Amino acid sequence: MTTSTPEPQQPNTPLTDTNLVENRSKLSKMYQHYVEMKDKYPHALLLYRVGDFFETFFQDAVTVSRELELVLTSKHGGEVGRVAMTGVPHHAWERYTTLLVEKGYAVVICDQVEDSAEAIGLVRREVTRILTPGTLLEEGMLKASRNNYIAAVVIAVNHWGLAYSDISTGEFITTQGSDLEHLTQELMRLQPSEVLFPTNAPDLGSLLRPGETSPSLPQCLPPTFCYSLRSQVPFSQAEARSKLLQKFKLRSLEGIGCEHLPLAVRAAGGLLEYIEDTQKANPVSLQLLRTYTLTDYLIVDHQTRRNLEITQTVRDGTFHGSLLWALDRTNTAMGSRALRRWLLQPLLDLKGIKSRQDTIQELVQNTPLRQDIRQLLRQIYDLERLTVRAASGRANARDLVALADSFSRLPQISCLVEDAKSPFLKALQKVPPILEEIAEKLHAHIVESPPIHLKEGGLIRPGINPLLDERKATVEADQQWIANLEVDERARTGIPTLKVGFNKTFGYYISISRSKSDQVPDNYIRKQTLTNEERYITPDLKEREARILTARDDLNQLEYEIFDALRDEVGSHAEIIRNIARAVAAADVLCGLAELAVHQGYCRPEIVAGREINVIDGRHPVVEQSLPAGFFVPNSTWLGSKETNHRGTEDAEEEGKKSTSSPDLVILTGPNASGKSCYLRQVGLIQLMAQVGSFVPVRSARLAVCDRIFTRVGAVDDLATGQSTFMVEMNETANILNHATSKSLVLLDEIGRGTATFDGLSIAWAVAEYLAVEIKARTIFATHYHELNELASIVPNVANYQVTVKELPDQIIFLHQVQPGGADKSYGIEAGRLAGLPAVVIKRAKQVMGQIEKHSKIAMGLREGL
Ligand SMILES: Nc1ncnc2c1ncn2[C@@H]1O[C@H](COP(=O)(O)OP(=O)(O)OP(=O)(O)O)[C@@H](O)[C@H]1O
């Protein structure tokens, strides 16, 4: 972000930059205060409360007017003349602020903190909240089905620390690593809305919007995120550590696993300081910090996540058509967020995978149990976010009723799972009794449909607080007196059109048409004359009115205090609620996966030791759902097994008994659009789903756990980094060859297409050979280079498969079947014909191909040492 020297302005044009105010004492008092506040937050937009509006002035007014398409106007700012101004109604601040934050701005809310009627001189205003993309808590600003992460990064040479939090759920996690590439990958997994980075650079304090760069940011930080450049101080080891100890009331960080991870501690401490700084009046309630290690999870890098379309499609970035879309049958917002997290972080740990599988299996086998739990889950609100709102004093009465309603469902769920055997259902067998007590109390205290506003009464039921009831009775009696007044006075005065009314300026009044004003009794005091009516008050009426107004204020205050105490009580049990919320979220994910398994015919994969990937009749979970039922052609996969190989052919049972080994690397050929990419992704998705603990779209499967899944799919120019198609392809391939192990699954869809045919073919050959011979990674290599089929005759752990088509005289029928053997034709010219290339071009292409085939003889031969 750059700051430029402002241009001098014409004398009569409104000031659009605080830096243009040469003598601040010439500003009126309110603007002097505004400018003082603005100095403290030069990189944020300052929304300043003036009466019923939040107003922005000077440069902020210009920005807000441009970004929100609001009228830019001006106001008198004292002796300096007019000042640029854009305002939004105060009750709609959330809507406008959300738009600004979504555009990557930080917004500072400077609100009135005293009643303007009681203020002596300038109304006191203070910063009550700073909103940045990563620190949102307001319900309307967050997406229910995904976490809103804020991350902090500390880099020391080649090592890094990364802490992240979703303050709307209280999740707070840290880790440390030694390869900057891993840091990039973690950030890409998390997709944080904001990343803090400590620096001493001059642009300290800036919030860089996506795409904006700064020399302070190291290359490994992807430019697609918002970055907050923060001071180094809170990120220092001493500051950060003591901040964490103090926050979590600990004597050492040993118990949470990061005492010896200085970079993780620095990132977490710096993040905590920022979170507290932005929340001001209502400190956020965070869970105890947790430490994790990257090696605890299956590594799925960003390219692979993208290629396998885990959370969004490659083509247009939509959720519809992604794996998450195909698998999500959850019934709660917590479950939906958890499923996303699980898919982005599959497991390596066999025990973890099996306990998820056991739970799904129990739910698949017990349909009434599954359906009853799902029915109850639908009635459970977002416990995670509601709890944070209660604990940070932000929940309204509807939030507390939602919590109470949800707590009341928990004992019903626990009854349902009373006899359950699997770990995730057992976790719901015991509901902490305190939650039932809280639910009862909340239901007893708060009315069934409370209003949104907390300070206007109508929250608390009668019979809860004698003082409250007494005051309510007095107000009601006085209101009744006023209600009767109209009837009584009509009788007394004999004026049938007499009315009692109320307005904000005069309060209650008696209205009489002017023609009858001569019949007005002596005790009426005239207050206002309109065209056709006279308005009067009486001392009695004013006395009642004063009593009602004061009593109503007291009443509302008392109701608020009772509510506030209830909210605090709920907040004080945040930890207990969170534990149950976690259990509910997991149960929801697993119920959803079980439901999916039943409806889509998924099976439990057998997770085995070793390197085997053995799938009988696998299907692509997303493509299958997009096609009419029964249209998807299942295909089997056999990789990496040294022993029994049970194949998915007709005589599977027979073959299953044979003791043959399956290849490590498969060369997959087949015409365009025959289904190679689909098959490749299907294998990756089945493996990933299995490591999430889900059932998978197969007839049966034996799968060993992978340490990483790599994909290299398609060819796209990376315009953002200015890299050519071929360079992107080579970078990705290099990354695979440098990191894959014999426990990895590598899925390659075309290598070497972006360069001259022979260069491309040579690279493809060498890459395949290296993967099979040196790394022995389980690999499927889809290619149009049939020459690669020769590799199988030279290298023993390589096999050829093809996606078959049926060739008719004037068309090709796609069978989408993967079978042993290599395709001898690519049908590329045929595909061109189908796409509508002119007949003369097709004819000529066939001639040229004939010539090339006649003269070309490529002999790969043996690699040295083979
Ligand atoms: N097993 C299958 N059953 C039914 N339809 C399939 C199957 N596999 C693929 N398809 C359909 O065929 C279309 C083309 O598949 P895919 O993109 O995988 O072909 P491809 O061989 O990779 O083509 P290209 O070589 O041009 O990239 C898919 O969009 C899908 O609808």
Side-chain angles (χ1 to χ4, degrees), residues 109 111 113 126 128-129 135-139 142 165-172 246-249 272 275-288 334 380-408 410 431-469 471 553-582:
I109 305 290
D111 206 349
V113 289
E126 277 173 17
T128 50
R129 183 77 208 279
T135 57
L136 301 178
L137 274 177
E138 284 69 15
E139 194 186 3
L142 295 164
S165 173
D166 177 346
I167 67 166
S168 69
T169 63
E171 191 180 356
F172 187 26
Q246 199 188 340
K247 166 82 183 172
F248 298 111
K249 301 189 177 60
L272 180 58
I275 292 173
E276 289 186 348
D277 187 42
T278 49
Q279 299 306 312
K280 302 280 177 206
N282 302 70
V284 72
S285 146
L286 290 182
Q287 295 171 32
L288 180 62
M334 299 172 282
I380 294 193
Y381 293 90
D382 196 338
L383 296 178
E384 288 175 337
R385 284 188 171 160
L386 289 169
T387 309
V388 167
R389 288 227 289 279
S392 61
R394 285 193 171 89
N396 61 30
R398 292 184 187 175
D399 292 338
L400 291 202
V401 170
L403 275 172
D405 288 349
S406 310
F407 294 160
S408 318
L410 296 175
V431 179
I434 184 72
L435 297 187
E436 285 181 63
E437 286 166 30
I438 294 178
E440 262 176 44
K441 191 166 180 182
L442 292 176
H443 280 138
H445 279 63
I446 303 177
V447 298
E448 202 175 321
S449 308
I452 285 268
H453 296 289
L454 296 177
K455 299 212 167 155
E456 292 169 15
L459 304 173
I460 307 296
R461 289 181 191 269
I464 296 298
N465 181 307
L467 186 60
L468 185 70
D469 292 346
R471 286 187 183 162
D553 281 351
D554 291 352
L555 194 74
N556 293 351
Q557 182 57 26
L558 187 56
E559 285 212 33
Y560 178 74
E561 281 165 18
I562 297 170
F563 170 80
D564 201 29
L566 285 172
R567 185 166 62 183
D568 282 353
E569 191 179 337
V570 174
S572 69
H573 296 293
E575 220 30 63
I576 297 177
I577 307 175
R578 278 187 182 128
N579 287 339
I580 201 83
R582 247 193 309 273

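Just so it is clear, the model here is predicted, and its values are computed rather than measured. We use all heavy atoms of the structure for the numbers below, so side chains are in, but hydrogens, waters and symmetry mates are not.
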Which residues share a side-chain contact (heavy atoms from CB on, under 4.5 Å) with S406, sequence neighbours left out: I380, Y381, L383
For N396, all residues meeting side chain to side chain donor-acceptor pair (under 3.5 Å), sequence neighbours excluded: none
side-chain contact (heavy atoms from CB on, under 4.5 Å) involving R394 - partner list, sequence neighbours excluded: R129, L137, E138, Q279, N282, R389, S392
Minimum heavy-atom distance between A439 and A404, given as atom pair plus value: CB-O, 3.7 Å
Euclidean distance, D382 CG relative to S168 OG, rounded to 0.5 Å: 7.5 Å
Residues which pass side-chain contact (heavy atoms from CB on, under 4.5 Å) with H445, listed by chain and number, not counting sequence neighbours: K441, I464, I562, L566
V570 and T387: CA distance, side-chain angles, deciding distance, side chain to side chain contact (heavy atoms under 4.5 Å, CB included) verdict: CA-CA 8 Å; V570 174; T387 309; 5.8 Å; no
Separation of T135 OG1 from D166 CG (nearest 0.5 Å): 11.5 Å
Rounded distance [0.5 Å steps], CZ in F407 versus CD1 in I577: 3.5 Å
Salt-bridge contact D553-R471 (side-chain N to carboxylate O under 4.0 Å): no
F563 to A397 - nearest heavy-atom pair and separation: CE1-CA, 3.4 Å
For D469 against G463, the heavy-atom pair lying closest together: OD2-N, 2.9 Å
Spacing of CG belonging to L558 relative to CG belonging to L468, to within rounding of 0.5 Å: 5.0 Å
Heavy-atom pair with the smallest gap, counting every atom of G170 and V388: N-CG2, 3.7 Å
Check residues 448-460 and write down every donor-acceptor pair under 3.5 Å in which the side-chain atom is one partner and the other belongs to a residue at least two apart or another chain.
none

Set of residues satisfying side-chain contact (heavy atoms from CB on, under 4.5 Å) with respect to I576, sequence neighbours excluded: P432, I434, L435, H573
Contacts of type side chain to side chain donor-acceptor pair (under 3.5 Å), residue T169, not counting sequence neighbours: none
Those residues that, when tested against D405, pass side chain to side chain donor-acceptor pair (under 3.5 Å) (two or more places apart): H443
Any residue meeting salt bridge (charged side-chain N to carboxylate O under 4.0 Å, His left out) with E575, in chain and number order, not counting sequence neighbours: R578
All salt bridge (charged side-chain N to carboxylate O under 4.0 Å, His left out) counterparts of D564, not counting sequence neighbours: R567
Full working for side chain to side chain contact (heavy atoms under 4.5 Å, CB included) between I167 and L286: CA-CA 7 Å; I167 67 166; L286 290 182; 4.2 Å; yes
Side chain to side chain donor-acceptor pair (under 3.5 Å) against E561, all qualifying residues, sequence neighbours excluded: Q557
